[in-house]
Amino acid sequence: MKKIQSTCNYCSLDCNLDFYVEENRVVRAVPTKGYPVNDGFCCIKGLSLDKQQTTVKPGSLPKIRREDGSFQTVSWDEGFAHVAGKLREIQEKYGEESVAGISTGQLTLEEFAIFGHVMRNYLKANVDGNTRLCMATAVVAHKQSYGFDAPGFTLKDLELSDTIIFIGANPVVAHPILWGRVRQNQVPGHKVIVIDPRRSETAMNADYWYGLTWRSDLLLLYTVANQLIEKDYIDHGFIENHTEKFEEFKEFVKAYPLERGAAGTGLSEEQILELVELIHRGKRVSFWWTMGVNQGYEAVRTAQAIINLALMTGNIGRPGTGANSITGQCNAMGSRAYSNTAVFFGGGDFTNPARRERIAGVLGVDDAMLAEKPTKTYNQIIEGIHAGEIKGLWILCTNPRHSWTNNETFASAVKKLELFVVQDIYDSIESAWECTVFFPVVPGLKKEGTYINLERRLSAMRPVLDRGADEISDYEAILGVGKALGMGDALKGWETPRDCFNLMRECSRNMPCDITGVTWESLTDSHGIQWPYPEGREEENREEERRLYGDGQFFTPSKKAQFVFEEVRANPLPVSGEFPYVLNTGRGSVGQWHTQSRTKEVRFVEDVSLKRAYLYMNTELAKEMGIREMEEIQVVSVNGQNARFAVKITDNVRYGELYAPIHYIECNKLTPSLYDPYSKEPSYKATPVRVEKVH
Ligand SMILES: Nc1nc2c(c(=O)[nH]1)N[C@H]1C(S)=C(S)[C@@H](COP(=O)(O)OP(=O)(O)OC[C@H]3O[C@@H](n4cnc5c(=O)[nH]c(N)nc54)[C@H](O)[C@@H]3O)O[C@H]1N2
Ligand SMILES: Nc1nc2c(c(=O)[nH]1)N[C@H]1C(S)=C(S)[C@@H](COP(=O)(O)OP(=O)(O)OC[C@H]3O[C@@H](n4cnc5c(=O)[nH]c(N)nc54)[C@H](O)[C@@H]3O)O[C@H]1N2
Ligand code: SF4
Ligand SMILES: [Mo]
């Protein structure tokens with residue numbers, strides 16, 4: 001029996017597991033003991049990875065749609081030639097930017113990089129990722145406040161903090177291993193605080209729950225900031241030495257007195273003051289946020305309002321502190337730095353001459369071959385297809401027909417495409433319904449590459465199972481198209497994921513995310529390595545859990561963090577007489593993953609969750625409307641669509657609010673085309689709706 005250590009490629013923890021293999025079958029998957037993230041534990045999704053051994057039927061080949069709508073199976077070489085030919089043809093007819101890609105936060109760092117090289121550099125196409133639906137807000141917030149997209153914390157901080165504040169985050173369901181770290185916190189009298197309109201599973205397990213009115217976080221955070229300043233609960237030394245624009249911020253938050261905060265958040269003045277005291281009394285206060293913050297119409301400013309609180313109280317860079325953005329997908333962090341979409345490989349601007357020269361040198365190509373600007377955003381790509389400007393789309397490892405906001409707009413868009421390539425481990429996903437080409441690729445158990453987790457830890461995915469004939473990986477599929485496009489020498493040095501990793505290491509040199517001290521070999525069977533890890537400085541970075549900003553130095557030109565703030569805006573989509581309720585959306589249970597293509601195979605999930613779409617409704621509201629448990633209702637959305645759901649009655653959502661798990665396609669039929677102006681992340685969590693009985 002062989003034992004192979006690899007990485008779980010669901011959530012951002014990147015737990016490691018030991019896979020025991022006999023005759024090319026996984027017989028046992030055991031969470032790796034001693035691995036700093038999950039040390040012998042993991043959740044049901046990781047334990048069920050062995051179900052994904054045969055997703056692609058052995059010998060699966062690409063499929064191309066014929067005129068009559070049926071599919072023809074072709075060889076891989078024919079598949080590559082077809083896609084390359086079509087991409088070229090469309091670009092010649094409609095211009096370079098008439099082809100686009102939508103990528104993901106769930107592939108390997110090397111797969112992002114080569115997709116970015118082929119699509120963004122060579123073809124000059126736009127490629128955005130599903131990370132736009134997830135982390136874009138935190139990315140923009142970090143860049144503006146810290147000067148680089150660098151979350152500074154380490155998971156150990158959850159064990160060292162005396163005041164742990166979760167804002168719009170539900171780790172009990174979404175990040176169970178992270179929640180496990182909270183449970184290991186031994187600091188006497190430590191407090192767990194949850195800010196969430198819903199009494200989430202995490203709120204139920206917390207010491208304090210602040211059930212504010214949906215979308216009122218920014219108002220609450222400015223009110224809290226004003227109180228902290230008025231009471232002089234701030235760290236003058238830190239503010240003076242390590243931040244900029246505090247005086248302006250101080251003036252600005254004077255417009256947020258206690259009464260205004262209480263009126264707009266639905267919390268009492270006492271509750272707000274209690275929260276202020278909790279922050280003040282904490283010696284090591286840590287703030288943690290996720291999608292309840294990132295997915296809103298003023299999300300970036302909300303994330304920065306959290307950062308501002310940490311800065312002004314000096315709760316950053318020290319053990320157990322920080323304004324900490326929790327990442328979602330297993331390699332969102334790899335995508336953020338190496339997909340060549342928002343920034344160059346390893347970070348930096350597409351227009352910075354020094355960066356251009358450096359990247360061109362490492363890749364051995366002409367400067368003119370590199371992408372010239374950040375990509376168009378996800379919504380612009382979908383809008384571009386509708387407008388007839390984009391005619392070719394290649395998506396991989398994401399299922400937007402289900403997950404994109406207002407998802408009928410995706411369905412109608414793709415009908416207009418001349419080329420629609422879907423690359424996935426299942427051909428049954430909703431996004432493949434309309435594809436013109438399907439590329440079947442192998443799942444994580446059969447490939448190799450690098451993942452970066454939420455605390456900047458690189459870890460190795462190593463092949464657990466051998467592949468059959470014709471089974472290829474995402475990396476090889478992208479490389480195949482690149483070769484068929486005639487990239488020639490521009491693909492020199494990109495032959496294998498390992499080669500690509502070496503290129504990316506070089507690209508990262510002297511950047512904040514420098515990984516030049518990490519080698520492919522040193523990641524295999526390792527404890528993972530957090531960036532930065534520059535070559536020659538391995539000794540000083542030896543510690544297994546490291547955080548950033550301990551020296552009070554940030555990545556801005558002045559090395560000081562910035563207070564960034566802006567007036568609270570009126571909700572562009574308020575409830576009304578016609579749409580009196582708010583539909584909140586999010587994760588349903590630990591065993592369910594997004595669009596459920598993978599977790600539907602998990603026995604446990606089948607047993608405990610419903611097969612049909614459902615939502616949670618408050619007991620009072622259900623009573624008032626005469627709705628019984630599991631009755632089917634119709635929900636009509638402000639976006640003009642409607643969908644049916646079974647009702648689960650609960651007191652954990654409040655009167656006037658509904659909560660729908662995202663794991664059913666009906667959920668995003670109802671969400672609006674509304675985005676944060678800076679990050680262009682969809683506002684998924686607060687859609688005005690009305691409820692109708694179905695007779
Ligand atoms: N089991 C499981 N785990 C997952 C995933 C999965 O699909 N399944 N997905 C992974 C991914 S990619 C991500 S991004 C993470 C997401 O992780 P989380 O963000 O923790 O999960 P969500 O359920 O999307 O939303 C968190 C909370 O935001 C709250 N919220 C809604 N509106 C507001 C508001 O106005 N203010 C505040 N303060 N809170 C609000 C919701 O009520 C919800 O409890 O989970 C990751 N982990
Ligand atoms: N209403 C609402 N909508 C949301 C959210 C919300 O909170 N509310 N959250 C948003 C967030 S945070 C996210 S991250 C998105 C997620 O949305 P998606 O990315 O669309 O969801 P997934 O189901 O994770 O899709 C991943 C796809 O990759 C495939 N896959 C798995 N492994 C591989 C592989 O190795 N190679 C390839 N090529 N394919 C593979 C799977 O079969 C699946 O089809 O949803 C967003 N949508
Ligand atoms: S916590 Fe996340 S990384 Fe760990 S096993 Fe579960 S899904 Fe995988
Ligand atoms: Mo996500």
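Keep in mind that what you see is a predicted model, and the values were worked out from it rather than measured. All ligand and atom numbering here is 1-based and tracks the order in the structure.
- With distances taken over non-hydrogen atoms, the option nearest atom 39 (N) of ligand 2 out of G449, S428, C397 is C397.
- Between Y664 and Y614, a ring centre-to-centre spacing shorter than 6.0 Å is recorded.
- Nearest protein neighbour of atom 3 (S) of ligand 3, counting heavy atoms only, is C15 N, 3.4 Å.
- For ligand 3, the atoms lying closer than 4.0 Å to a non-hydrogen atom of G46 are 5 (S).
- Ligand 1 is never approached by E201 to a heavy-atom distance shorter than 4.0 Å.
- Protein heavy atom nearest atom 19 (O) of ligand 2, with residue, atom name and distance: N130 ND2, 2.6 Å.
- Taking distance alone, with nitrogen or oxygen atoms compared against 3.5 Å, Q329 stays at or beyond that limit from ligand 2.
- Checked against a 3.5 angstrom limit, the closest N/O atoms of M291 and ligand 1 fall inside it.
- Atom 3 (N) of ligand 1 has its nearest heavy-atom neighbour, among S200, S683, A174, in A174.
- Not one N or O of T671 is nearer than 3.5 Å to an N or O of ligand 2, by distance alone.
- Residue contacts with ligand 2 do not include H402, since none of its heavy atoms lies under 4.0 Å from the ligand.
- When non-hydrogen atoms are compared, ligand 3 lies under 4.0 Å from the backbone of D14 (N, CA, C, O) but not from its side chain.
- Ring geometry, W394 versus F439: the interplanar angle exceeds 60°, so the pair is classed perpendicular (tilted spans 30 to 60°).
- Using a 4.0 Å heavy-atom cutoff, C667 is listed among the residues neighbouring ligand 2.
- For atom 15 (C) of ligand 1, the nearest non-hydrogen atom of the protein is H175 CE1, 3.7 Å.
- Closest to atom 1 (N) of ligand 1 by heavy atom, among G591, C43, S589, is S589.
- For ligand 2 and W593, the ligand atoms under 4.0 Å from any heavy atom of the residue are 24 (O).
- Between K447 and ligand 2, a contact under 3.5 Å exists for at least one N or O pair.
- By the 30° and 60° cut-offs, the orientation of the rings of Y208 relative to Y210 is parallel.
- The protein heavy atom nearest to atom 29 (C) of ligand 2 is D424 OD2, 3.1 Å.
- The proximity of N9 to ligand 2, defined as any non-hydrogen pair under 4.0 Å, does not occur for either the backbone or the side chain.
- Residue-to-ligand polar distances place N170 within reach of ligand 1: an N/O pair is separated by less than 3.5 Å.
- Counting the atoms of ligand 2 from 1 in the order shown, those under 4.0 Å from a heavy atom of I429 are 44 (O).
- Taking every heavy atom of Y426 and a limit of under 4.0 angstrom, the matching atoms of ligand 2 come to 42 (O).
- T104 does not count as a contact of ligand 2, since none of its heavy atoms falls under 4.0 Å from the ligand.
- Considering C330, G168, P661, G586 only, the shortest heavy-atom separation from atom 26 (C) of ligand 1 involves G168.
- Contacts with ligand 1 closer than 4.0 Å are made by no heavy atom of A686, backbone or side chain.
- Annotation for ligand 2: atoms under 4.0 Å from non-hydrogen atoms of C134 are 12 (S), 14 (S).
- Polar contact check, D217 against ligand 1: a nitrogen or oxygen pair lies under 3.5 Å apart.
- Closest protein heavy atom to atom 47 (N) of ligand 2: S403 O, 3.2 Å.
- Taking any N or O of R198, backbone or side chain, at least one lies under 3.5 Å from an N or O belonging to ligand 1.
- From the protein, the heavy atom lying nearest to atom 44 (O) of ligand 1 is D196 OD2, 2.6 Å.
- Scanning the protein for heavy atoms near atom 5 (C) of ligand 2, the closest one is Q295 NE2, 3.7 Å.
- Under 4.0 Å from ligand 2, the heavy atoms of D474 that appear belong solely to its side chain.
- For ligand 1, none of its N or O atoms has an N or O atom of T585 under 3.5 Å away.
- At least one N or O atom of I195, backbone or side chain, sits closer than 3.5 Å to an N or O atom of ligand 1.
- Ligand 2 does not have T405 within reach: every non-hydrogen atom of the residue lies 4.0 Å or more from it.
- Residue contacts with ligand 2: R598 is placed with no nitrogen or oxygen under 3.5 Å of a nitrogen or oxygen of the ligand (distance criterion only).
- If you run side chain to side chain contact (heavy atoms under 4.5 Å, CB included) between T585 and each of I662, L615, L658, only I662 comes through.
- Residue contacts with ligand 2 for I662 involve side-chain atoms from C-beta outward but no N, CA, C or O (heavy atoms, distance under 4.0 Å).
- In this structure, of H594, R215, K685, the residue bringing a heavy atom nearest to atom 33 (C) of ligand 1 is R215.
- Heavy-atom contacts of S597 reach the following atoms of ligand 2: 41 (C), 42 (O), 43 (C), 44 (O) (cutoff under 4.0 Å).
- The shortest heavy-atom distance from R587 to ligand 2 is under 4.0 Å.
- Using a 4.0 Å cut-off to heavy atoms of V441, the atoms of ligand 2 that qualify are 36 (N), 37 (C), 38 (N).
- Of the protein's non-hydrogen atoms, the one nearest atom 2 (C) of ligand 2 is Y684 CD2, 3.2 Å.
- Not one N, O or S atom of C11 sits under 2.8 Å from atom 8 (Fe) of ligand 3.
- Contacts with ligand 2 closer than 4.0 Å are made by heavy atoms of both the backbone and the side chain of I425.
- Heavy-atom proximity to T595, at under 4.0 Å, picks out these atoms of ligand 2: 20 (O), 21 (O), 22 (P), 23 (O).
- Taking the six-membered ring for Trp and thresholds of 30 and 60 degrees, H527 and Y35 have ring planes more than 60 degrees apart, a perpendicular arrangement.
- Residue V590 places at least one N or O, backbone or side chain, under 3.5 Å from an N or O of ligand 1.
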